[in-house]
Amino acid sequence: MRVGICTLGCKVNTYESEYIVETLEKAGYAIAPFDSVCDVYIINTCTVTNTSDAKSRKMIHQAKRRNPKACLVAMGCFVEANGNYRDEAIDIYIGNKNKSAIVSLLDEYFTKKEEIHVPFGPKEKFEDMFLTHFEGRCRAFLKIQDGCENFCNYCIIPYVRGKCRSKDPKMALKEARKLVENGYQELVLTGIHTGHYGVDLETSFADLLKEMVQIKGLKRLRISSVEATEMTGEVLEVLRDSKIIANHLHIPLQAGSDPVLKAMGRKYDLKEYEEIIKKIREIRPDISITTDIIVGFPGETEEMFLETCAYAKKISFAKIHVFPYSERKGTKAVEFPNQVDPLTKKDRARRLTAVSRELELAYAQKFQGKTLEVLIETSKDGISTGHTSNYLKVKVKEEIKPNTFVKVEIKECFNSYCMGVVKEEEACLL
């Protein structure tokens with residue numbers, strides 16, 4: 001049977017989908033492009049914004065139109081957030097629990113030909129998944145954590161992902177070693193609240209990092225996202241002592257105005273955030289720090305928005321992922337007064353995105369004329385593309401085998417990428 005899989009949302013979903021692919025292939029299923037005619041369609045959904053919900057529904061209906069007789073599986077955050085959601089296109093409903101049971105669920109469906117609803121229920125334990133390959137990628141994701149207990153006033157994710165749960169460190173290290181053995185030189189640690197790893201076990205994120213960086217053959221260990229409050233002294237020590245940790249951190253800010261941060265329920269103020277960034281840059285002066293910012297949160301005035309723009313420039317982010325505030329039913333912010341109108345949110349998103357482009361180019365230009373190490377990921381039509389440790393996208397006019405590290409002198413910088421030339425003999429800055 002042919003199975004097409006569509007993955008929406010975060011790196012955790014990407015990891016889980018890859019595990020599902022591996023599991024289905026072992027069971028004899030053939031993985032096919034999602035936009036082809038398949039016997040089974042799986043949509044791993046997202047619900048972080050209204051746009052995510054709309055896209056999840058769109059993918060569900062597109063698949064069913066492609067083959068009305070196919071078994072359609074909808075799983076993940078959108079399904080769980082909308083517990084009473086029913087759609088005649090869907091045959092199997094799975095939330096964020098028991099995704100790993102996909103083979104037995106498909107067996108049950110094809111035996112009984114009856115709609116299946118997997119109970120959501122509390123998520124008490126980490127759902128173990130073990131990957132050996134990451135198809136079509138030169139870097140592999142490794143899910144080490146699930147769940148979030150921050151309960152920010154705008155966010156639905158703690159309600160659909162459950163409490164913080166961590167992968168057993170021995171299993172995490174075993175999986176990392178296996179991925180490296182299979183040729184992956186860069187791993188990306190991911191989770192819903194990655195830096196909260198270990199709170200349910202007798203360990204910590206810093207302890208896991210210390211072990212990971214010692215894996216033989218691992219050249220880069222990238223952290224997908226980490227909260228400012230989780231950049232503890234112990235984590236900073238690993239950052240200082242190991243060059244295996246990539247020179248890039250994604251640290252969500254969400255707002256550059258203290259009143260907005262307080263209304264959001266964030267657990268720091270601007271001064272604390274800035275102090276943490278300062279400590280990081282004392283250790284890694286050239287590090288790329290990217291962030292998330294929400295514009296148009298209830299009560300955000302034009303003055304507060306301008307304060308956010310100014311603060312973003314002050315911090316000198318390498319890139320900002322800009323999100324207009326999206327009402328999420330079940331969160332506190334939905335009931336807040338002074339909701340910002342859609343046109344204002346759209347305008348602020350446009351203006352902050354322009355700031356991000358300026359900052360992105362300014363950061364990249366700091367490396368013009370310098371030599372960086374690039375992991376080549378694709379090579380086509382005489383152009384090879386990859387990323388540096390500090391996550392600059394670099395292109396060179398040579399065909400180089402993917403999954404190869406090369407030294408590249410940066411010649412030109414644009415908003416979304418840099419052009420460079422291979423320099424075999426030169427030492428690298430990063």
> Would you say the side-chain atoms of Ser389 and Arg220 include a donor-acceptor pair closer than 3.5 Å?
Replying inline: no
>> Hydrogens and angles aside, do Glu115 and His117 bring a side-chain donor and acceptor to less than 3.5 Å of each other?
In response: yes
> Would Lys407 and Glu373 count as a salt bridge (charged side-chain N to carboxylate O under 4.0 Å, His left out) if you check the C-alpha gap in whole Å, the side-chain angles of each, and the deciding distance to 0.1 Å?
Replying inline: CA-CA 5 Å; Lys407 296 171 182 177; Glu373 195 168 45; over 6 Å; no
>> Under 3.5 Å, is there a donor on one side chain and an acceptor on the other for Lys329 and Asn82?
In response: no
> Heavy-atom distance under 4.5 Å between the side chains of Lys64 and Tyr41, does that happen here?
Replying inline: no
>> Could you report the tightest heavy-atom contact between Leu173 and Met212, atom names first, then the distance?
In response: CD2-N, 3.9 Å
>> With a 4.5 Å cut-off on side-chain heavy atoms, are Ile251 and Ile277 touching?
In response: yes
>> I'd like to know whether Asn13 forms a side chain to side chain donor-acceptor pair (under 3.5 Å) with Thr7, so could you lay out the CA-CA distance, the side-chain angles of the two residues, the decisive distance to 0.1 Å, and finally the verdict.
In response: CA-CA 7 Å; Asn13 264 8; Thr7 306; over 6 Å; no
> Do the side-chain N and O atoms of Asp146 and His193 include a donor-acceptor pair separated by under 3.5 angstrom?
Replying inline: no
> So, the side chain of Asn247 versus the backbone of Ser288: is there a donor-acceptor pair under 3.5 Å, distance only?
Replying inline: no
> Under the 6.0 Å and 45° cation-pi test, does Arg86 pair with Tyr93?
Replying inline: yes
>> Any donor-acceptor pair under 3.5 Å linking the side-chain atoms of Glu22 with those of His133?
In response: no
> Side chain of Ser384, backbone of Ile400: donor and acceptor closer than 3.5 Å?
Replying inline: yes
> Is a side-chain donor-acceptor pair under 3.5 Å present for His196 with Asn150?
Replying inline: no
>> We want to know whether Ser166 and Asp200 form a side-chain donor-acceptor pair, criterion being a heavy-atom distance below 3.5 angstrom.
In response: yes
>> When you compare the side chains of Ser204 and Asp207, does any donor N or O come within less than 3.5 Å of an acceptor on the partner?
In response: yes
> Is Arg139 close to Leu179 at the side-chain level, that is, under 4.5 Å between some pair of heavy atoms?
Replying inline: no
> Any luck finding a side-chain donor-acceptor pair between Tyr363 and Asn390 under 3.5 Å?
Replying inline: yes
> How many angstroms lie between atom OH of Tyr85 and atom CZ of Arg57, to the nearest 0.5 angstrom?
Replying inline: 6.0 Å
> Are Asn96 and Lys99 linked by a side-chain donor-acceptor pair shorter than 3.5 Å?
Replying inline: yes
>> Would the distance check show the side chain of Gln145 and the main-chain N or O of Lys167 forming a donor-acceptor pair, the cut-off being under 3.5 Å?
In response: no
> Got Phe317 and Thr290 here, is their nearest side-chain heavy-atom distance under 4.5 Å?
Replying inline: no
> Distance only, no hydrogens: is a donor on one side chain within 3.5 Å (strictly under) of an acceptor on the other, for Ser52 and Thr49?
Replying inline: yes
> Should Tyr109 and Asp91 count as side-chain neighbours, where that means a heavy-atom distance under 4.5 Å?
Replying inline: yes
> Would you call the rings of His248 and Tyr391 parallel, tilted or perpendicular, where under 30° means parallel and over 60° means perpendicular?
Replying inline: parallel
> Does NZ or CZ of Lys143 fall inside the cone over Phe126's six-membered ring, less than 6.0 Å from its centre and within 45° of the axis?
Replying inline: yes
>> Taking the side chain as everything from C-beta on, heavy atoms only, tell me whether Ile283 gets closer than 4.5 Å to Leu236.
In response: yes
>> Are the side chains of Leu131 and Tyr15 in contact, using a 4.5 Å heavy-atom criterion?
In response: yes
> Does Asp292 reach the side chain of Phe323, with side-chain heavy atoms less than 4.5 Å apart?
Replying inline: yes
> Is the backbone of Leu270 close enough, under 3.5 Å, to the side chain of Asp258 for a donor and an acceptor to pair up by distance?
Replying inline: yes
> Do Thr47 and Arg328 meet the criterion of a side-chain donor-acceptor pair at a distance under 3.5 Å?
Replying inline: yes
>> Is the ring pair Phe134/Phe141 parallel, tilted or perpendicular, if the boundaries are 30 and 60 degrees?
In response: tilted
> Should the ring pair Tyr154 and Phe297 be called parallel, tilted or perpendicular, given that the plane angle runs from 0 to 90° and is split at 30 and 60?
Replying inline: perpendicular
> Within the side chain of Asp341, is there an N or O that forms a donor-acceptor pair under 3.5 Å with the backbone of Thr344?
Replying inline: yes
